[in-house]
There are 2 protein chains.
Amino acid sequence: MYKKALLTTVTEFEVINVENHKIMEEEKRKKNWNNVNCPVRTVLDRIGDKWSILILLILGDTEKMRFNQLNKEIEDISQKMLTVTLRSLEADGLVNRIIFPEVPPRVEYNITELGKSLLPHIKALSEWAKNNLETIQESREKYVS
Amino acid sequence: MYKKALLTTVTEFEVINVENHKIMEEEKRKKNWNNVNCPVRTVLDRIGDKWSILILLILGDTEKMRFNQLNKEIEDISQKMLTVTLRSLEADGLVNRIIFPEVPPRVEYNITELGKSLLPHIKALSEWAKNNLETIQESREKYVS
DNA sequence: TATTGTTACTAACTAATAGTAAGCGAATAT
DNA sequence: ATATTCGCTTACTATTAGTTAGTAACAATA
């Protein structure tokens, strides 16, 4: 026990108090980052997938878009993943899904006000990515093992 | 063919030109979003995983942190995922990894200048998440099927 | 001396998620 | 009759995340 060795000059009572305090502090900190209480994670676990941000950026640039338009815009997304991502964005209230009961079916998607309020932050991130892309890629190349 | 039906009043020549133009436009747009040319994706594909942002936020709050400290801070991360994520952040040049050749081993992590420059954007996103958490959760509850 | 504890990991595995390929329905066009 | 359209599902495979157990190299304790 490394801790005990460092505490040999203080009384047993003090040791207990110090330990209690440490435990309480640790508990307090933990609550900030665990899955239930951390708002960042509750949102980013959804937004931070492979496609959500990309779709929000595209829908932010156009008033509305149909399913197949989006599918063509994002070259390498599968229909399934597009469906799944759009539904999750709809569930979170970030995009609207408007169904026209026609044949062949028509479904239009557009960004909501909530989605629009998120956009600037995503765009800032996107700008940062653009500006620092080279540095990051150099770093990746240098990094071995 | 729905498209052709809409173009029955124009000549064959015009149809071809219109089609060509559309194809060229589409090609141009595509290049903005595919995996190779889109900086957002190159960076977000790495940052946007389950743990990276969380680790950056924590390392942004403290000058330096040891491996096990981080492991305790993030209640539900496994050692493997912590290792993997830290290494990927290191490769991208967002965190520093300092090894002290001691027994038991000591490895300290801290955020780099590049990482610090990304932090404000992540924090802004985090703030947005905090402010809109309730709205999103309500929306999720309402959403059925 | 033997045992246990410490740290920052890896290796080998399983669970969860992402992605692929095919098909569907209901109408229109050939 | 057959092919095509659109926005999906369904059933499958591939990739990634996460779990559990173990490692080295010593320190402290019994």
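Remember, it's a predicted structure, so these values are computed and weren't measured experimentally. Throughout, a chain's letter reflects where its sequence line sits, starting with A, and its residues are numbered from 1. Just the heavy atoms: all of them, side chains too, but no hydrogens, waters or symmetry mates, feed the values below.
- In this structure, OG in B:Ser52 is found 8.0 Å from CG in B:Asp92, a value given to the nearest 0.5 Å.
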Side chain to side chain contact (heavy atoms under 4.5 Å, CB included) between B:Leu57 and B:Asp61, intermediate numbers included: CA-CA 6 Å; B:Leu57 279 171; B:Asp61 270 2; over 6 Å; no
Watson-Crick and G-U pairing of DNA chain D, under 3.5 Å, as dot-bracket with | and [ ]: ||||||||||||||||||||||||||||||
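- Heavy atoms from other residues, nucleotides or ligands lying under 6.0 Å from CD of B:Glu134 number 12 at most.
- In this structure, B:Ile77 places its CD1 atom 14 Å from C1' of C:dA8, rounding to the nearest Å.
- A straight line from NZ of A:Lys50 to P of D:dT16 spans 8 Å, rounded to a whole angstrom.
- Contact annotation for B:Phe100: no contact, since no heavy-atom pair falls under 4.0 Å across all strands.
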Contact state string [nucleotides 21-26 of chain C, B base, S sugar-phosphate only, - no protein heavy atom under 4.0 Å]: ----BB
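- Computed from coordinates, the A:Ile74 CD1 to C:dG19 P distance equals 11 Å when rounded to whole Å.
- A sub-4.0 Å separation between OP1 or OP2 of C:dA8 and a side-chain N or O of B:Arg66 is present.
- Taking Ile, Leu, Val, Met, Phe, Trp and Tyr as hydrophobic and joining them when side-chain heavy atoms fall under 4.5 Å apart, one finds A:Val84 isolated, its cluster having no other members.
- Put simply, CZ on A:Arg106 is 17 Å from P on C:dA27, counting in whole angstrom units.
- In this structure, the CG atom of B:Asp76 is 15 Å from the P atom of D:dA17, given to the nearest Å.
- Nearest nucleotide to the B:Phe67 side chain, out of C:dA8, C:dA18, D:dG7: C:dA8.
- Looking at residues two or more places apart in sequence or on another chain, you find a side-chain contact (heavy atoms from CB on, under 4.5 Å) between A:Glu108 and A:Lys64, A:Arg66, A:Phe100, A:Arg106.
- When rounded to the nearest whole Å, the span between CG of A:Asn71 and P of D:dC6 equals 11 Å.
- In this structure, B:Met65 CE and B:Lys72 NZ are separated by 11.0 Å, a value rounded to the nearest 0.5 Å.
- Rounded to whole Å, the distance from CG on A:Leu54 to C1' on C:dA18 is 16 Å.
- Between the CG atom of B:Asn110 and the CD atom of B:Glu63 there is a distance of 7.0 Å, given to the nearest 0.5 Å.
- For the salt bridge (charged side-chain N to carboxylate O under 4.0 Å, His left out) test, residues two or more places apart in sequence or in another chain that qualify with A:Glu127 are A:Lys130.
- Of the side-chain N and O atoms in B:Trp51, one or more sit less than 4.0 angstrom from OP1 or OP2 of D:dG18.
- Rounding to whole angstrom units, CD of residue A:Glu102 and P of D:dC6 are separated by 12 Å.
- Listed by chain and residue number, A:Lys116 satisfy the salt bridge (charged side-chain N to carboxylate O under 4.0 Å, His left out) test with A:Glu113 (two or more places apart in sequence, or in another chain).
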